[in-house]
Each structure stands twice: as structure tokens, then as C-alpha cells.
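See structure below.
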Amino acid sequence: MASRQVTLAEVAKQAGVSLATASRVLNGSTRQVSEELRERVLGTARKLGYLPNASAQALARNSSVLVGLVVHDIADPYFSSIAAGVTRIAEDAGLVVVLGTTGRDPDREVELVNTLRAHRARAVVIAGSRTTDRNASRRLAEEITAFTAQGGRVACVSQAKLGTDTVVPANRSGARALARQLAALGHRKFAVLAGPPQLLVARDRLAGFKAGLADEGLDLPDANVFASDFTRDGGHAAMAGLIAARTGATCVFAVNDVMAMGAMAGLREHGLRVPEDVSVAGFDDIPTLRDLVPALSTVRLPLEEMGERAARLVLDDVVAGPRTVRVAGEVVLRASTSTSSGIGLR
DNA sequence: AGAAGATTTAGGGCGGGAGA
DNA sequence: TCTCCCGCCCTAAATCTTCT
């Protein structure tokens, strides 16, 4: 047992004080310890290289410094931006963020929250869209209830469907405003790369976009809506389908930015130019867009701020019922959308 | 006597050894 | 094979000691 850890008991013994006194000096307490003993304990701890055993602390306190962050896809900059916000607030509070990835599997989501509960995580932020699967929602809601009953806190960044504090981005109204501005550029024939039909964020953005077109007296035929994965590759694949379908659309809305990026790559491969041949818009305004040429029109969500707000919800002392923080989206038109050329995807 | 400082002790969840 | 209990490391409440 050469590499056995130095324990608090050893420090206390060496310093000639009780366990409790050593604990107070090293790990904090409301009680006072005299300066003389404080110095002695700190000196001994330094000499022995004492490091508190976090597992034992979690056991004794029935709480840890862990804050769980559950996301669908770590490769999607949407989630890394939210993670940056969550991490900033949590670390300012002296806590540590642990990241879990679901791969959009609802069961995995429940498992992760369960595991975080087992580790006595102080709080969990669940970022990522809900789905139409009622059973999955119920299972997750049950797990959240159990976690909350144990003293943990949970907040979501998504649709407010789980009975918890939730930061809700304005997917519907953002897409609606985007549709109207694109129509104002003179476009009349639109196509949408829509993501998976069961994903609520994708549904909301599609519905909002349709509503915005309807505001302008325009219709979006079902044949111009292409479902696919909510990823770069999904956007790429959906664009291939769209090009093959010869819809004549002059403007394409991808329901998130990474799909739009995949779609633009697909257009390039077919020798089509953005925006001369077809305009493209996305949603989210992920940071990656700064280096995209042509610059992508999108609906900006304050992603890092959304993460920060979720973290604050989960770390504050308010015990009120489920709170909802609504976050607006702002349409940002850039070089990827221009006035309609009238040619489109023929 | 009362405050301040220090110690003792119970207990938290789980694995593993001892004993039935 | 099963049950019981201890040890792991630490915190917090209860208790004790010292000093003004």
C-alpha cells in the first residue's frame, strides 16, 4: 500500500488536533478555529500532501460539487456553446461540470440522469430537444422527480415539457420571422430541410416557417419538405434529395445551422452557387458560421447566454415551481440569401 | 456565567470479511 | 449461502474544556 492516500485522520494526528478541527481548517465550516491550530493543520497538510477524498465528502455531505450536463451531440457547436455558458456559471460557483452525450437516444438520456443522481450530482442541465415520444418524456420526468426529491436540481434547455425550470428558445416565432424576411426578398418557392419529424425543435421551426410564409400568402407544399437527421450529414443528404426533386425552390431553409452547412456543401458538389442559384438560411447562429463563405443567414439564438441562464436556474436558491425563461431569436440576413433570381433548383 | 475553541461521536452507503 | 457488522473518509451535531 505504498501509494495510499493521506487522510484527514493522519493530518489531524500529526498536527496534534482532533479530526473535527482538522476538517474545519481544511474543508471549511461556520465554526472558528484559532490561528495557531489553523497554521499547524495547514502546515501538516501541506507537508503530507493531503487532498480531501471527494467521494467521502460527497458521502458525508450527501452532495457533491458535480453539475451534470446532458447533451445530444457533442460535435454540434450548438451544444458546445451552451456548454460554455453552463460551465462558466458552474465553475464560478466552485463546481465541476461533467458532460454526458445521448446521441439522441431517449433511454440514454434517462440513464445519464440516473447515473448523475447516483453520484449525488448537485444539479443537472439537460440541453436538447424533446421528442414526440410521450413514454420517453414520462420516463425522463420520473427520473427528474426522483432526482429532485433527493435534493438535486434540474433545468432544461428545450421545450418546457418535463415539469422543470426550462430555458425555451423561440423556435417557432424565430422561424416565422425568418420566413417573412425571406419572402420580402422576393422568394416565392421555398424548400425546407426539416430534420426528424419526431424532434420537437425541428417541428416547431418547420411550423413557424410555414406560418411565416402563410403570413405572406405563400404556401409550402409537403413535397418541398425533406426530413433527415438533425446533423451536417443530414443536411447534406436532404439537399441531395431536394436537388433530385427539381422543386424549383429559390430559397432553402435548413432547420439548424449544421444542416445548412451540409446543404451548402451538397450544393457546391452539384456546381450550384449560393446565393446566385439558390439562397440558403439556417437557424441558431453557431460560432462556426463566422468562417463560412458565403456567410450564412440564420436566426441568432444567444447560445452561451442560454447555457448561463439554465445554470443559474439550477444553482440559485429559489424554490418556486417550474420556471420558464423565454429566449428570443433574431433574424440575421447575410450573404447566403439574396433577392430571388427566379431560377432556383430546376 | 458565558463565549470561544476544541473534542467526541454518530452516521452516511457500500463492499467485503467473519460467523452462522 | 446468507446475515451481520466493520471499515472506508468525512461532516455536523453534541459535548466538553479553557479562558475572560
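Here is how names work: the chains are called A, B, and so on, in the same order as the sequence lines, proteins then strands, and each is numbered from 1. Below, each value reflects all heavy atoms present in this structure, side chains not excepted, and no hydrogens, waters or symmetry copies. None of these values were measured; they are calculated from a predicted model.
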Protein-nucleotides 2-4 of chain B N/O pairs under 3.5 Å:
none

Worksheet item: Should the heavy atoms of other residues, nucleotides or ligands under 6.0 Å from CZ of A:Arg326 be counted, would the total exceed 12?
Response: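 Count not over threshold, so no.
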Whole angstrom is fine here: how far is it from [atom1] in [X] over to [atom2] in [N]?
X	N	atom1	atom2	answer
A:Asn53	C:dC8	CG	C1'	8 Å
A:Lys13	B:dA6	NZ	P	21 Å
A:Arg24	C:dA12	CZ	C1'	8 Å
A:Glu36	B:dG5	CD	P	12 Å
A:Leu8	C:dC9	CG	P	11 Å

Worksheet item: Would you call A:Arg334-A:Asp285 a salt bridge at under 4.0 Å N-O?
Response: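 A:Asp285 and A:Arg334: salt-bridged.
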Discussion item. Between A:Glu143 and A:Arg139, does any NZ, NE, NH1 or NH2 come within less than 4.0 Å of an OD or OE carboxylate oxygen?
Written reply: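 Salt bridge flag = no for A:Glu143 with A:Arg139.
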Worksheet entry | A:Phe190 to A:Leu220 - nearest heavy-atom pair and separation |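 The pair with the smallest heavy-atom distance is O-CD1, 3.4 Å.
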Practice prompt. Scan residues 81-103 of chain A for pairs that pass salt bridge (charged side-chain N to carboxylate O under 4.0 Å, His left out), counting only residues two or more places apart or in two chains.
Written response: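 Counting only pairs at least two positions apart or across chains, the salt bridge (charged side-chain N to carboxylate O under 4.0 Å, His left out) contacts touching residues 81-103 of chain A are A:Arg88-A:Glu304, A:Arg88-A:Glu308.
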Taking only distance into account, with no hydrogens and no angle test, what donor-acceptor pairs under 3.5 Å do side-chain atoms of residues 75-84 of chain A form with protein atoms, sequence neighbours excluded?
from, atom 1, to, atom 2, distance (Å)
A:Asp76, OD1, A:Tyr78, N, 2.9
A:Ser80, OG, A:Pro77, O, 3.2
A:Ser81, OG, A:Pro77, O, 3.1

Worksheet item: Which value, rounded to the nearest 0.5 Å, describes the distance between A:Asn135 atom CG and A:Leu140 atom CG?
Response: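 Interatomic distance, A:Asn135 CG to A:Leu140 CG, rounded to 0.5 Å: 12.5 Å.
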Exercise: do [X] and [Y] side chains pair donor with acceptor under 3.5 Å:
X	Y	result
A:Thr148	A:Thr145	no
A:Thr298	A:Asp257	yes
A:Ser279	A:Thr337	no

Worksheet item: Quick one, which residues of residues 110-117 of chain A touch DNA chain B with a heavy atom under 4.0 Å?
Response: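 The answer is none.
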What nitrogen or oxygen pairs link the protein and nucleotides 9-13 of chain B at under 3.5 Å?
from, atom 1, to, atom 2, distance (Å)
B:dG12, N2, A:Ala60, N, 3.4

Worksheet item: If only side-chain N and O atoms of A:Tyr50 are considered, is one of them under 4.0 Å from the OP1 or OP2 phosphate oxygen of C:dC9?
Response: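 A:Tyr50 to C:dC9 OP1/OP2: no side-chain N or O under 4.0 Å.
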Worksheet entry | C:dC10 phosphate, OP1 or OP2, under 4.0 Å from A:Ser23 side-chain N/O |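 Answer no for this pair, as no side-chain N or O of A:Ser23 is under 4.0 Å from OP1 or OP2.
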Worksheet entry | Listed once per pair and sorted, the side chain to side chain donor-acceptor pair (under 3.5 Å) pairs that draw on residues 203-230 of chain A, sequence neighbours left out |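 Residue pairs with at least one partner in residues 203-230 of chain A: A:Asn171-A:Arg205, A:Arg172-A:Asp204, A:Arg176-A:Asp215, A:Arg180-A:Asp215, A:Arg205-A:Asp284.
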